[in-house]
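Scroll down for the structure; my scribbles are underneath it.
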Number of protein chains: 2
Amino acid sequence: MDRRQQKTRDAIFKAFSKLIEQKRYENITVQEIIDEANIGRSTFYAHFETKDELLRALCTDIFSHVFSNELMSEKTHDFSGGNNGLEAKLTHILHHLMDSKTNIVGILSSHSGELFLRYFKDYLTEMFSKYLNEIKMNAPADFVLNHLVGSFAETVKWWIDNKMKYTPEETARYYIEVSCVNRITD
Amino acid sequence: MDRRQQKTRDAIFKAFSKLIEQKRYENITVQEIIDEANIGRSTFYAHFETKDELLRALCTDIFSHVFSNELMSEKTHDFSGGNNGLEAKLTHILHHLMDSKTNIVGILSSHSGELFLRYFKDYLTEMFSKYLNEIKMNAPADFVLNHLVGSFAETVKWWIDNKMKYTPEETARYYIEVSCVNRITD
DNA sequence: AATTTTAACGAACTAAGTGTTTGATAACAT
DNA sequence: ATGTTATCAAACACTTAGTTCGTTAAAATT
């Protein structure tokens with residue numbers, strides 16, 4: 001990739017991230033991004049067709065870090081405790097959100113969350129689905145999977161909105177406790 | 001209320017509901033609403049300051065029907081089964097969504113869902129909170145409440161996105177089954 | 001080092017939408 | 001019958017999105 005392209009792309013990402021901390025996605029204009037990134041108008045449109053596509057690209061960038069290959073690897077057959085069990089993975093995700101350089105929290109808590117959450121849920125779905133065949137409930141598997149993913153995403157949003165008043169460890173434990181996966185392991 | 005006002009308000013609501021079935025909220029312009037409702041531009045702004053306020057008003061209208069006084073009344077101390085237990089209430093809500101004249105489904109499944117869902121969750125929170133003190137989990141009450149509300153809202157969205165392939169009765173039962181309230185009543 | 005390719009620039013432009021103001025008209029309430 | 005008020009159309013100022021194009025400069029290629 002051309003060095004100039006890379007520099008421009010970085011500048012746009014950086015400007016966009018900064019802006020998204022300050023105001024909600026909907027109210028950010030392309031003009032503001034351009035000014036903040038200090039690039040030409042036509043340059044922006046040479047990189048991204050729309051603002052939505054920019055957000056999409058940023059999400060992809062971010063999540064490829066949060067959901068590492070290790071995290072997405074096959075489960076180690078335990079839900080709670082353990083080194084690489086579900087609870088540990090969830091804890092890892094929460095830590096990552098808390099510590100991340102790019103302001104994931106700002107994005108997630110912003111109104112732009114919808115698009116962002118869609119990507120988040122896609123990754124979560126992939127992760128949770130590996131645990132699915134061990135969960136025997138009187139409910140269809142697709143229902144259970146959606147419930148697990150949806151409620152964890154809601155939990156994360158709530159956790160962030162409440163200034164992360166519980167630690168990642170606590171939050172993950174509460175989730176496991178309340179979630180239906182809890183009922184198989186006792 | 002002036003008959004003219006009422007007529008105009010109805011026309012706007014009707015036009016807006018029709019449009020929201022066809023396209024996502026973000027892409028609906030005030031101009032389109034005006035054209036569809038066949039009213040003057042200044043008339044629209046005499047009624048609603050912004051498009052968001054229009055959506056808010058519509059939501060309030062709709063939910064005051066879905067969440068009837070009876071539904072919000074004190075719980076009758078059973079979670080499942082029963083005439084007025086939690087499961088029955090959830091079933092009632094799902095039925096209402098399915099049968100409603102105004103296209104609630106279109107609104108909920110649309111991208112405009114965020115604002116809409118906020119209102120939905122507010123009502124749900126009020127309803128669920130009445131059951132809360134009976135749920136003893138190793139997790140804080142506010143965490144549990146958010147989990148119940150969030151996961152039910154997610155369930156409804158999923159149910160709609162999947163063309164309501166399960167009946168309201170089934171869906172409510174699955175929810176109770178997977179949810180943590182299930183663990184107190186057996 | 002010379003040449004070719006390509007990214008960035010800026011300025012101007014079209015198109016579309018937002019929200020406001022105005023004075024006239026007609027429906028409504030008293 | 002009189003006063004009030006909702007609606008209307010038309011024009012207005014303003015903002016934003018996205019495109020176009022000729023120019024400049026940086027990068028890749030030879």
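Labels below follow one simple rule: chain letters A, B, ... track the order of the sequence lines, proteins then strands, and each chain is numbered from 1. Since the model is a prediction, treat every value here as computed from it, not as a measurement.
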key: A:Q6 CD - C:dA8 C1' separation (whole Å)   = 15 Å
message = In this structure, how many angstroms lie between the C1' atom of C:dA8 and the CD1 atom of A:I12, rounded?
response =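 Rounded to the whole Å, the gap is 11 Å.
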Looking at [X] and [Y], what are the two nearest heavy atoms and their distance?
X	Y	result
B:K51	B:Y25	NZ-O, 3.0 Å
B:W158	A:N146	CB-ND2, 3.1 Å
A:C180	A:I135	SG-CG2, 4.4 Å
A:S64	A:D61	OG-O, 2.7 Å
A:L90	A:A172	CB-CB, 4.1 Å

request  = Five pairs at each end of the helix from C:dA1-D:dT30 to C:dT30-D:dA1: take the axis at both ends and give me the angle between them to 10°.
outcome  =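 That helix gives 30° between its end axes.
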request  = For DNA chain D, determine which residues of residues 28-36 of chain B have any heavy atom closer than 4.0 angstrom to one of its atoms, and list them numerically.
outcome  = none
query = Hey, are B:K165 and A:D142 close enough for a salt bridge, meaning a charged N less than 4.0 Å from a carboxylate O?
reply = yes
message = One thing to verify: whether A:K121 and A:E154 come together as a salt bridge, which I'm taking to mean a side-chain N less than 4.0 angstrom from a carboxylate O.
response = no
Within the 6.0 Å centroid threshold, strictly below: B:F143 and A:W159 =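 Between B:F143 and A:W159, the centre distance exceeds or equals 6.0 Å.
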message = Please report whether the ring centroid of A:F63 lies less than 6.0 Å from that of A:Y123.
response = yes
query = Heavy atom of residues 46-54 of chain B under 4.0 Å from DNA chain C: which residues?
reply =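 Per residue number, the list is empty: none.
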A:D99 CG: over 12 foreign heavy atoms closer than 6.0 Å = yes
Review item, nucleotides 8-12 of chain D N/O atoms under 3.5 Å of protein N/O:
from: D:dC8; atom 1: OP2; to: B:G40; atom 2: N; distance (Å): 2.9
from: D:dC8; atom 1: OP2; to: B:T43; atom 2: OG1; distance (Å): 3.0
from: D:dA9; atom 1: N6; to: B:S42; atom 2: OG; distance (Å): 3.0

query = With side chains defined as the heavy atoms from C-beta onward, is the minimum distance between B:F120 and B:I93 less than 4.5 Å?
reply =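 A side-chain contact exists here, since the closest heavy-atom pair is under 4.5 Å.
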ask   = Does the side chain of A:V66 come within less than 4.5 Å of A:S100's, by heavy atoms?
value =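 Of all side-chain heavy-atom pairs linking A:V66 with A:S100, none is under 4.5 Å.
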request  = State which of C:dA8, C:dG19, D:dG18 makes the closest approach to the side chain of A:Q5.
outcome  =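 Nearest listed nucleotide: C:dA8.
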request  = Hey, could you give me each pair passing salt bridge (charged side-chain N to carboxylate O under 4.0 Å, His left out) that has a residue in residues 6-19 of chain B? Not counting sequence neighbours.
outcome  = B:K18-B:E36
task = Check for a donor-acceptor pair, side chain of A:Q5 on one end and backbone N or O of A:M1 on the other, with a separation under 3.5 Å.
result = no
With the criterion being N/O to N/O and under 3.5 Å, what pairs connect the protein with nucleotides 27-30 of chain D, and how long is each?
from: D:dA28; atom 1: OP2; to: A:R3; atom 2: NH2; distance (Å): 3.1

request  = Give, for atom CZ of A:F44 and atom CD1 of A:I39, the distance between the pair rounded to the nearest 0.5 Å.
outcome  =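 Here the interatomic distance stands at 7.0 Å.
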